[in-house]
Amino acid sequence: MKKYILLLGLILFGSGCVNQARTMKVEIDSSPVANSTATVILYHQSNYQEGFLNEYPITVDGSLEGTVIAEQPLKLSLNEGIHTLLTNSFGLKSKGVTQRFKAGKVYFFSVQKKYSTFYDTLVIAPSEEVQYYEIISHR
């Protein structure tokens with residue numbers, strides 16, 4: 001019986017159904033999209049092994065603009081003015097950010113999971129400039 005379980009494990013691992021986690025460095029391009037608009041960079045720096053379902057859709061003023069995953073930050077161009085950034089994920093309470101954006105500037109935001117006793121919250125929080133970050137990934 002042990003031989004069959006070992007054989008099944010080797011087949012799954014060899015076929016790619018089971019991947020080993022690895023550390024991955026994610027570079028962020030912080031150059032502005034255009035001088036006439038504000039550039040917004042959203043990223044998710046995960047400190048645990050990411051799964052295939054950890055995707056965070058980003059809405060700006062109620063309109064879907066893209067998706068953030070740990071391996072791929074999202075870079076947006078926004079007109080100057082006040083905008084609301086929000087993300088949603090099944091089973092998580094959401095907390096977005098409303099801010100005034102100025103043309104020609106680059107803004108960084110971290111998409112974070114905050115854990116609590118009764119419910120978990122998905123937060124978009126302003127951050128300092130980030131050149132890169134490291135994550136644990138199995139993709």
Side-chain angles (χ1 to χ4, degrees):
M1 183 67 174
K2 289 182 183 179
K3 290 181 182 179
Y4 292 117
I5 293 173
L6 179 62
L7 180 61
L8 179 62
L10 288 172
I11 290 171
L12 288 173
F13 186 78
S15 68
C17 292
V18 178
N19 293 329
Q20 185 176 7
R22 62 186 170 93
T23 302
M24 180 177 166
K25 183 178 179 181
V26 180
E27 303 277 342
I28 295 181
D29 173 18
S30 60
S31 61
V33 174
N35 288 331
S36 60
T37 61
T39 300
V40 176
I41 299 173
L42 297 112
Y43 63 95
H44 173 62
Q45 184 175 358
S46 175
N47 57 0
Y48 58 91
Q49 185 172 334
E50 283 289 308
F52 291 101
L53 300 178
N54 292 332
E55 299 178 348
Y56 307 106
I58 303 297
T59 61
V60 177
D61 301 329
S63 176
L64 181 64
E65 295 295 327
T67 302
V68 173
I69 61 173
E71 290 88 348
Q72 183 64 52
L74 178 64
K75 191 174 189 178
L76 303 173
S77 176
L78 299 179
N79 291 327
E80 190 168 332
I82 298 174
H83 297 283
T84 300
L85 307 175
L86 187 65
T87 185
N88 239 334
S89 186
F90 180 75
L92 297 174
K93 185 178 175 181
S94 294
K95 184 177 178 188
V97 64
T98 299
Q99 181 174 322
R100 177 177 298 280
F101 294 92
K102 294 183 181 179
K105 289 194 151 197
V106 179
Y107 299 87
F108 290 83
F109 293 91
S110 174
V111 178
Q112 308 166 359
K113 282 185 184 177
K114 300 287 184 180
Y115 300 97
S116 76
T117 305
F118 300 107
Y119 58 86
D120 298 335
T121 305
L122 199 54
V123 177
I124 295 179
S127 78
E128 299 294 322
E129 181 177 350
V130 176
Q131 299 299 318
Y132 69 92
Y133 58 93
E134 291 186 353
I135 61 168
I136 298 172
S137 176
H138 70 240
R139 294 179 198 232

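Just so it is clear, the values below take in all heavy atoms, side chains as well, and ignore hydrogens, waters and symmetry mates.
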Flag side-chain contact, heavy atom, 4.5 Å: V111 against I58: yes
Could you tell me which non-hydrogen atom of E129 sits nearest to which non-hydrogen atom of Q131, and how far apart they are? OE2-NE2, 2.5 Å
Cluster overlap L122 with V60, hydrophobic side-chain contacts below 4.5 Å: yes
When you compare the side chain of T87 with that of P57, does any pair of heavy atoms fall below 4.5 Å? yes
One should read off an interatomic distance between Y132 OH and Q45 CD, to the nearest 0.5 angstrom, of 10.0 Å
Looking only at atom types and distance, does a side-chain atom of T59 sit under 3.5 Å from a main-chain N or O of L86, one as donor and one as acceptor? yes
Could you tell me if the side chain of T37 sits less than 4.5 Å from the side chain of F101, heavy atoms only? no
Please assess L85 against V40 for the test side-chain contact (heavy atoms from CB on, under 4.5 Å), listing each intermediate value before the final yes or no. CA-CA 10 Å; L85 307 175; V40 176; 4.1 Å; yes
What distance do Q72 atom CD and I28 atom CD1 have between them, rounded to the nearest 0.5 Å? 10.0 Å
Transitively linked via ILVMFWY side-chain contacts under 4.5 Å: L78 with Y107? yes
Between OG1 on residue T39 and NZ on residue K105, distance to nearest 0.5 Å: 12.0 Å
Counting N and O atoms only, with roles assigned by atom type, does the side chain of K75 sit under 3.5 Å from a partner on the main chain of V33, one being a donor and the other an acceptor? no
Verdict with supporting geometry, Y43 and S110, side-chain contact (heavy atoms from CB on, under 4.5 Å): CA-CA 5 Å; Y43 63 95; S110 174; 3.8 Å; yes
Taking side chain as C-beta onward, heavy atoms only, is F108 less than 4.5 Å from P126? no
So OG1 of T67 and OH of Y56: to nearest 0.5 Å the spacing works out to 11.5 Å
Minimal heavy-atom distance between I135 and E71, with the atoms involved, is CD1-CG, 3.8 Å
Nearest non-hydrogen partners of D29 and S31, listed with the distance: OD1-OG, 2.8 Å
Closest heavy-atom pair and its distance - P73, V26: CD-CG1, 3.8 Å
Same cluster or not: Y133 versus V106, using hydrophobic residues (I, L, V, M, F, W, Y) connected whenever any side-chain heavy atoms lie under 4.5 Å apart? yes
